[in-house]
Amino acid sequence: MARPKTGEQSATERMQDAFWTLLEQKPYAQITISDITRVSGLNRSAFYYHYGNIPELADDAIASIYDDPDITSFIAHIIRQDEGIEAIRDYAIASITMPQRIASIRRLSLIAGPHGSTGLADQLKTHVIEIWLTTLGRDPATLNPGQHILLEFASSGMLGVLAKAPAVFTPENIEWLSHSVLPDIIAQLINSLRDGNSASTSSPQSLPATAPLGEGSHDSVS
């Protein structure tokens with residue numbers, strides 16, 4: 001294939017942009033190769049030159065966001081406790097004035113939102129967890145089952161926020177969120193996994209015991 005002229009988008013960039021445009025319009029499962037070629041202005045030969053199917057294109061498009069240091073910094077800031085809440089609020093407000101960052105956050109919201117898929121959402125959740133654990137200096141192999149549940153809980157909440165990002169990330173909403181309990185809850189949950197923290201060194205056996213499903217509940221059922 002001919003190389004793009006200086007300043008022109010490459011074929012892969014055009015197809016990735018087409019993917020994001022289409023994901024705003026319809027669910028991921030409904031995006032077809034014909035859709036991609038129509039929106040990108042390329043032909044099917046160009047598509048198959050670079051990708052074997054839509055999932056390969058999706059992986060490439062999403063990887064470009066995950067490689068963005070701005071997005072890594074944004075996700076890591078959610079759990080920062082060495083900064084005051086005012087500094088984190090100012091960081092969030094500054095983020096929504098940066099076109100490239102807000103565009104990437106918007107794309108994350110598409111993955112986590114109703115047009116995404118279970119597979120894409122799980123991939124994003126894994127990425128969020130990796131960023132948090134790297135920030136904390138934790139090896140996932142050293143976490144006990146209870147800590148994995150904690151991560152699942154916190155990362156699911158993060159995906160819920162990202163899914164609503166276009167509506168949530170306004171100066172007014174950021175101001176409100178900064179004074180709510182949400183930032184402290186997420187930060188405290190994740191920071192409890194730091195090395196040397198008593199919560200991170202407890203064994204799985206120290207988790208509270210729970211009764212078998214249904215045990216002790218029959219008396220309350222009419």
Please test Met158 against Trp132 for side-chain contact (heavy atoms from CB on, under 4.5 Å), starting from the C-alpha separation and ending with a verdict. CA-CA 11 Å; Met158 182 66 182; Trp132 284 346; 3.9 Å; yes
Decide yes or no on side-chain contact (heavy atoms from CB on, under 4.5 Å) for Arg106 and Glu24, but give the supporting numbers first. CA-CA 10 Å; Arg106 169 62 181 164; Glu24 287 195 82; 3.0 Å; yes
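Here Ile131 contributes atom CD1 and Ser155 contributes atom OG; the two are 11.5 Å apart, rounded to the nearest 0.5 Å. Here the OG1 atom belonging to Thr126 is positioned 6.5 Å from the CG atom belonging to Asp122, to the nearest 0.5 angstrom. Gln16 CD to Gln9 CD: the interatomic distance, rounded to the nearest 0.5 Å, is 9.0 Å. Considering NE2 of His127 and CD1 of Ile129, their distance stands at 11.5 Å, rounded to 0.5 Å. Interatomic distance, Thr97 OG1 to Arg101 CZ, rounded to the nearest 0.5 Å: 8.5 Å. A distance of 7.0 Å separates CD1 of Ile65 from CD1 of Ile71, quoted to the nearest 0.5 Å.
Hydrophobic clustering (side-chain heavy atoms under 4.5 Å, transitive across Ile, Leu, Val, Met, Phe, Trp, Tyr) groups Leu193 together with Phe153. No continuous path of hydrophobic side-chain contacts links Trp20 to Met98 [ILVMFWY only; heavy atoms under 4.5 Å].
Using a distance-only test at 3.5 Å, with no hydrogens or angles considered, a donor-acceptor pair links the side chain of Glu13 to the main chain of Ser10. With Ser73 contributing its side chain and Pro69 its backbone, the two residues share no donor-acceptor pair below 3.5 Å. Of the possible donor and acceptor atoms, one in the side chain of Arg14 sits under 3.5 Å from a partner among the backbone N and O of Ser40. Under a 3.5 Å cut-off, the side chain of His115 and the backbone N or O of Leu110 do not form any donor-acceptor pair.
Residues Asp70 and Gln100 have side chains not in contact (no heavy-atom distance under 4.5 Å, counting atoms from C-beta outward). Annotation: side chain of Asn53 is not in contact with side chain of Tyr48 (no heavy-atom distance under 4.5 Å). Within the 4.5 Å cutoff, no side-chain heavy atoms of Ile54 are placed close to those of Thr32. The side-chain heavy atoms of Ser192 and Gln147, taken from C-beta on, include no pair separated by under 4.5 Å. For the pair Ile75 and Thr135, the minimum side-chain heavy-atom distance is 4.5 Å or more.
Here the closest heavy-atom approach between residue Arg44 and residue Ser34 is recorded as NH1-OG, 3.1 Å. Closest non-hydrogen pair, Ile105 versus Ala165, comes out as CG2-CB, 3.8 Å. Between Ala112 and Leu159, the shortest heavy-atom distance links the atoms CB-O, 3.6 Å. Nearest heavy atoms, Ala11 versus Leu42: O-CD1, 3.7 Å. Closest non-hydrogen pair, Thr72 versus Tyr66, comes out as OG1-O, 3.9 Å. Scanning both residues, Met15 and Ala46, for their nearest heavy atoms gives CE-O, 3.9 Å.
A side-chain N or O of Ser156 and one of Lys125 form a donor-acceptor pair less than 3.5 Å apart. Between the side chains of Asp139 and Thr142, no donor-acceptor pair is found at a separation under 3.5 Å.
Under the salt bridge (charged side-chain N to carboxylate O under 4.0 Å, His left out) criterion, Asp35 pairs with Lys26, Arg38, not counting sequence neighbours.
Ring pair Phe19/Tyr28 is perpendicular by interplanar angle, where above 60° counts as perpendicular and below 30° as parallel.
Only one option out of Ile33, Ile62, Ile36 pairs with Leu57 in a side-chain contact (heavy atoms from CB on, under 4.5 Å); it is Ile36. Residue Leu143 forms a side-chain contact (heavy atoms from CB on, under 4.5 Å) with just one option from Leu133, Leu150, Ile149, and that option is Leu133.
A salt bridge is defined here as a Lys NZ or Arg NE, NH1 or NH2 lying under 4.0 Å from an Asp or Glu carboxylate O, and Arg107 with Asp68 fails to meet this definition.
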